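Chain naming here is simple, since letters A, B, ... match the order of the sequence lines and numbering starts at 1 in each. Just so it is clear, the model here is predicted, and its values are computed rather than measured.
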Number of protein chains: 2
Amino acid sequence: MVKQRPTIADVASRAGVSKGSVSFALNGRPGLAQATVDKILAAADELGWRPSNRARSLSVSKAFALGLVITRDPAVLSSDPFFPAFIAGVESVLSTRGQALVLQVVTAGESEADGYRRLAQDARVDGVFLSDLRHDDPRIQLLVDLGLPAVTLNRPDGESPFPAVTLDDRPGTSAVVQHLLELGHTRIAHVAGPPAFVHATARSSAFVATLAAAGLKPAAVEAGDFTAAGGIEATRRLLALPKRPTAIVYANDRMAIAGLGAAQAAGLTVPDDLSIAGFDDSELAEYVHPGLTTVRADPFRFGEVAAQTLNQLVDGATEVPDVELPPAQLVVRRSTGTAPLEET
Amino acid sequence: MVKQRPTIADVASRAGVSKGSVSFALNGRPGLAQATVDKILAAADELGWRPSNRARSLSVSKAFALGLVITRDPAVLSSDPFFPAFIAGVESVLSTRGQALVLQVVTAGESEADGYRRLAQDARVDGVFLSDLRHDDPRIQLLVDLGLPAVTLNRPDGESPFPAVTLDDRPGTSAVVQHLLELGHTRIAHVAGPPAFVHATARSSAFVATLAAAGLKPAAVEAGDFTAAGGIEATRRLLALPKRPTAIVYANDRMAIAGLGAAQAAGLTVPDDLSIAGFDDSELAEYVHPGLTTVRADPFRFGEVAAQTLNQLVDGATEVPDVELPPAQLVVRRSTGTAPLEET
DNA sequence: TTGTAAGCGTTATCAA
DNA sequence: TTGATAACGCTTACAA
């Protein structure tokens, strides 16, 4: 009753050739008469033959899958606008090659390294994406030791044998600061991401540098953690400063939206009393009130390019070049406005 | 240079036994002398042997992986608070069993069915999660045809051979409505999800039923699509009604937060002029201003239970019971307040 | 140009 | 209680 799926042997016998020839024909390898190739392909088609990943995997020692490890920590995982779109981009490449994406979510009490180790020990994937890069990221050496090909999302600061797909966060951050400067702000504060992250410090240093270029100093730089809760905390501290900033630049939208709420809860009007800007252009940015001025990248494209780059490595390319993606673009909405008049 | 991973044959020769015995010992099967079992286990340990998923897969015709198909449609994927937590819950079960989670994101131009078909044809998984159930969901028959075990998230309305893990949306919705009734509201509107979804209609019918039990009719029921953009649209229509509702119940938080923004943009004060409630208790719900009254479920637990249930099926259990999860709980915040006085 | 056979690392069947 | 040996479905030398 259960229809067994046809194997290469079935195709062979139907086409009246050997298994070896079928394999050659199916993989489009030279050295077979065109007539027999046609015959084999026809037979395979009539039988509805599909290659067995399992058998191929065992035979050629490949998994035909790529891996992504993310932590279960809500700070990284929950409602982050990056991963869903990134994953969709990755899949758009994988689905055309018959590859699968294996997601490894690191649960409480484990380190992210455990996730990569599991993936490597189980030989579940042929390569992995290295996201949320840290300074002196220990995972790079780990992956080298595990012999697992990888592509890093953004460029690590230490030595790395892996190709990097990068999206420079600095122009976007600069554009936001520039925009605020043009609105007349001079007391601008920043709520940064955790300094362990490469992209967090890239944004905060660009923030500082852009102000410096205009001859200004930051009103303050608060450490956030990319979560809404952290955004609230940081915002409260900023609003309690003796000389309250007139504008706050957040390292992501979640903190910015939370900050917006905190400012409003404190009785401030945005942008009249305080301008607020985010980073990511997440879905809600456009729809909160007032709409959030932010910076928009293309995480789907990021996923596509990262998958293509990783696949070059997996396919055996020895020199895979880094790829630089176009920087994020400023999106001006209503949460930023002209600086309030100084009450002296 | 490259250290080959030890195989079962290596363990066998080191322990001085046959491959067959090693396999028995490693799988803890009866019929071996305790002494040899110990000897084999010791040898395996010294060699650092790990089972090869690939070989096992081919041999026993199992993938040791479960699959989840989600659409790339931003409406479902982006910034949905459910999936990340759900996936984390799933992983917490899979990681203890050496299973992997294969994510299949359906890209533009494909149907979700294509995703399941790919998973089945490539024999990538032993079972799948069926999420976002629709009325008369065609995927159920598809999975039956594909011979792919599944567990449905919530109970389908048609015939289904698969176990269901359910979380009744009605008590949560009723609690919200009840809360608003107690605050004196009588003109309460609803922004629903797409009627094709089982959970969307469960929520809207619970909304209507709870009002009816209090002798009231809905002020209006608008069709939303679970996205922020859709939430804005629906809210604008509601606010333009001749008799504006004094409270709006949204079928999820994203629409509610967008609706909050729309109301504020229209010059209304929440909750003085309008009460707003969501569904999900997403991260931002607590931090927008005013904090969003909503309803909280436990998607992590949902994932855990769904994975356990699916695994029973995968392990060959013939009668797997449905599991009912505790309903979502009302979380009262500042976005709901006493009904405004009627201006007659 | 094609067929044969070995191998990938397990599990499972049968003798011994 | 154990050891051979044959699958599983494919790739790939090596022969013919």
Side-chain angles (χ1 to χ4, degrees), chain A residues 2-41 43-44 47-65 98 120-124 126 315-316, chain B residues 2-41 43-44 47-65 98-99 121-124 126 315-316:
Chain A
V2 177
K3 46 188 168 218
Q4 294 289 350
R5 48 191 294 161
T7 80
I8 211 175
D10 299 325
V11 176
S13 75
R14 173 175 253 259
V17 295
S18 75
K19 278 174 28 176
S21 300
V22 173
S23 180
F24 266 58
L26 260 15
N27 293 321
R29 301 234 234 154
L32 275 189
Q34 187 57 46
T36 47
V37 170
D38 293 344
K39 195 169 53 181
I40 291 168
L41 261 33
L47 258 39
W49 176 87
R50 315 245 69 205
S52 157
N53 257 302
R54 289 164 188 168
R56 270 177 18 114
S57 267
L58 183 59
S59 190
V60 302
S61 303
K62 286 186 56 170
F64 304 106
Q121 285 187 336
D122 296 353
R124 268 277 160 52
D126 300 316
D315 291 345
Chain B
V2 177
K3 48 187 167 218
Q4 294 289 350
R5 50 189 296 161
T7 78
I8 213 173
D10 300 324
V11 176
S13 74
R14 175 175 250 259
V17 296
S18 75
K19 282 177 17 177
S21 302
V22 173
S23 179
F24 266 58
L26 260 15
N27 293 322
R29 299 232 233 155
L32 274 190
Q34 187 57 47
T36 46
V37 170
D38 293 344
K39 196 169 53 180
I40 291 168
L41 260 33
L47 258 36
W49 176 88
R50 314 245 70 206
S52 157
N53 258 304
R54 290 166 189 166
R56 275 188 356 125
S57 267
L58 183 58
S59 191
V60 303
S61 301
K62 285 187 58 171
F64 304 106
Q99 289 176 305
Q121 286 186 335
D122 296 353
R124 269 273 158 58
D126 299 316
D315 291 344

Report the distance from atom OG of A:Ser13 to atom CD1 of A:Ile8, rounding to the nearest 0.5 Å.
11.5 Å
From CG (B:Leu41) to CH2 (B:Trp49), nearest 0.5 Å
9.5 Å
[X] [atom1] to [N] [atom2]: how many Å, rounded?
{"X": "A:Ile8", "N": "C:dT4", "atom1": "CD1", "atom2": "C1'", "result": "14 Å"}
{"X": "A:Arg29", "N": "C:dT2", "atom1": "CZ", "atom2": "P", "result": "15 Å"}
{"X": "A:Phe24", "N": "C:dT2", "atom1": "CZ", "atom2": "C1'", "result": "10 Å"}
{"X": "A:Arg56", "N": "C:dT10", "atom1": "CZ", "atom2": "P", "result": "21 Å"}
{"X": "A:Lys62", "N": "C:dC8", "atom1": "NZ", "atom2": "C1'", "result": "15 Å"}
{"X": "A:Gln34", "N": "C:dT1", "atom1": "CD", "atom2": "C1'", "result": "13 Å"}
{"X": "B:Leu26", "N": "C:dT10", "atom1": "CG", "atom2": "P", "result": "9 Å"}

Examine distances only and state if a side-chain atom of [X] and a backbone atom of [Y] form a donor-acceptor pair shorter than 3.5 Å.
{"X": "A:Asp10", "Y": "A:Thr7", "result": "yes"}
{"X": "B:Ser57", "Y": "B:Asn53", "result": "yes"}
{"X": "B:Arg5", "Y": "A:Gln121", "result": "yes"}
{"X": "A:Arg54", "Y": "B:Ala123", "result": "yes"}
{"X": "B:Asp126", "Y": "B:Lys62", "result": "no"}

Which residue, A:Ala9 or B:Ala33, contacts DNA chain D at a nucleotide closer to its 5' end, judged by nearest heavy atom?
B:Ala33
Residue mapping more 5' on DNA chain D - nearest nucleotide basis, B:Val37 or B:Ala55:
B:Val37
Under 4.0 Å, counting only non-hydrogen atoms across every strand here, what does B:Thr7 touch: a base, just sugar-phosphate, or nothing?
sugar-phosphate
Contact class for A:Thr36 vs. all strands (heavy atom < 4.0 Å): base, sugar-phosphate, or nothing?
sugar-phosphate
Is B:Ser52 close enough to C:dT10 that one of its side-chain N or O atoms is under 4.0 Å from OP1 or OP2 there?
no
Respond yes when some side-chain nitrogen or oxygen of A:Ser18 is under 4.0 Å from OP1 or OP2 of C:dG3, and no when none is.
yes
Rounding to 10°, can you tell me the angle the first-five-pair axis of the helix from C:dT1-D:dA16 to C:dA16-D:dT1 makes with its last-five-pair axis?
50°
Indicate, yes or no, whether a donor-acceptor pair under 3.5 Å links the base of C:dT4 to the side chain of A:Lys19.
no
Decide yes or no for [X] and [Y]: does some side-chain heavy atom of the first lie under 4.5 Å from some side-chain heavy atom of the second?
{"X": "B:Arg124", "Y": "A:Phe64", "result": "yes"}
{"X": "B:Thr36", "Y": "B:Lys39", "result": "yes"}
{"X": "B:Asn27", "Y": "B:Ser23", "result": "yes"}

Quick one: how far along DNA chain D does chain B reach, first to last nucleotide 5' to 3', anything under 4.0 Å to a heavy atom?
D:dT1 to D:dG9
Assert: residue with more 5' nearest nucleotide on DNA chain C, out of B:Ser21 and B:Arg54, is B:Arg54
